[in-house]
Amino acid sequence: MSGHRPIEQIAADLRRVRRVRACFEPGVSAAKKIGARQAYDALLVQACTALGVEHRLRALPEGMDREIERFRVEECLRHQGMSL
């Protein structure tokens, strides 16, 4: 696993970005929402790589299928002991 950031740091970043996404005020620009979503997905991918969890986040276009994959990946990471 050399080359990976510590899983605790990835988890902390996931929690931080998740809170940011949940607390956007009305009127926040679409660019900020998209940026936060992309940052969250990138962190999910890092966590999956570090823990050996398969994912399709890079393969799926934005939309319902990708949102479902996000939920599935979050659940898999929780089963691995990660606190999101």
Side-chain angles (χ1 to χ4, degrees):
M1 285 223 231
S2 69
H4 295 295
R5 293 188 315 134
I7 194 66
E8 297 84 4
Q9 186 177 5
I10 296 169
D13 288 346
L14 273 166
R15 288 189 295 272
R16 180 182 50 79
V17 174
R18 185 181 176 105
R19 279 191 307 271
V20 167
R21 289 185 68 208
C23 296
F24 278 134
E25 296 291 324
V28 168
S29 73
K32 283 188 180 184
K33 290 179 183 178
I34 291 168
R37 186 174 60 234
Q38 289 173 343
Y40 188 72
D41 285 353
L43 288 164
L44 286 175
V45 168
Q46 286 180 36
C48 287
T49 300
L51 295 176
V53 173
E54 291 187 28
H55 68 87
R56 296 180 19 199
L57 289 167
R58 291 183 180 139
L60 294 171
E62 274 304 326
M64 187 57 68
D65 288 342
R66 189 161 181 171
E67 190 65 29
I68 291 168
E69 179 67 355
R70 241 180 238 115
F71 289 130
R72 186 195 70 77
V73 165
E74 289 171 339
E75 191 60 28
C76 288
L77 293 173
R78 283 187 190 99
H79 275 86
Q80 292 282 335
M82 182 175 277
S83 173
L84 300 176

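Reckoned from all heavy atoms, side chains included, excluding hydrogens, waters and symmetry mates. Here, residue 1 is the first one in the sequence, and each next residue gets the next number.
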- Could you walk me through whether Glu75 and Arg72 pass the salt bridge (charged side-chain N to carboxylate O under 4.0 Å, His left out) test, one step at a time? CA-CA 5 Å; Glu75 191 60 28; Arg72 186 195 70 77; over 6 Å; no
- In sequence, state the C-alpha distance, the side-chain angles, and the governing distance for Arg5 and Asp13, and then conclude on side chain to side chain contact (heavy atoms under 4.5 Å, CB included). CA-CA 11 Å; Arg5 293 188 315 134; Asp13 288 346; 2.8 Å; yes
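Note that NZ of Lys32 and CZ of Arg21 are 15.5 Å apart. Values are rounded to the nearest 0.5 Å. The CD1 atom of Ile68 lies 10.0 Å from the CZ atom of Arg56; values are rounded to the nearest 0.5 Å. Here Leu14 contributes atom CG and Arg19 contributes atom CZ; the two are 11.0 Å apart, rounded to the nearest 0.5 Å. Note that NE2 of His55 and CG of Leu44 are 9.0 Å apart. Values are rounded to the nearest 0.5 Å.
Residues Cys76 and Val53 come closest through the heavy atom pair CB-CG1, 3.8 Å. Heavy atoms only, all atoms of each residue included: Leu77 and Ala47 are closest at CD1-CB, 3.9 Å. Minimum heavy-atom separation, Glu25 to Val28: O-CG2, 2.9 Å. The shortest non-hydrogen separation linking Ile10 to Leu43 is CG2-O, 3.7 Å.
Taking hydrophobic clusters as Ile, Leu, Val, Met, Phe, Trp and Tyr residues chained together by side-chain heavy-atom distances below 4.5 Å, Val20 does not share a cluster with Val45.
The environment of Arg15 atom CZ is dense: over 12 non-hydrogen atoms of other residues, nucleotides or ligands sit within 6.0 angstrom.
For the pair Arg70 and Tyr40, the cation-pi criterion (under 6.0 Å, within 45° of the ring axis) is not fulfilled.
Residues Ile34 and Glu62 form no side-chain contact, since every pair of their non-hydrogen atoms from C-beta on lies 4.5 Å or further apart.
The backbone N or O of Leu57 sits less than 3.5 Å from a side-chain atom of Arg66, completing a donor-acceptor pair.
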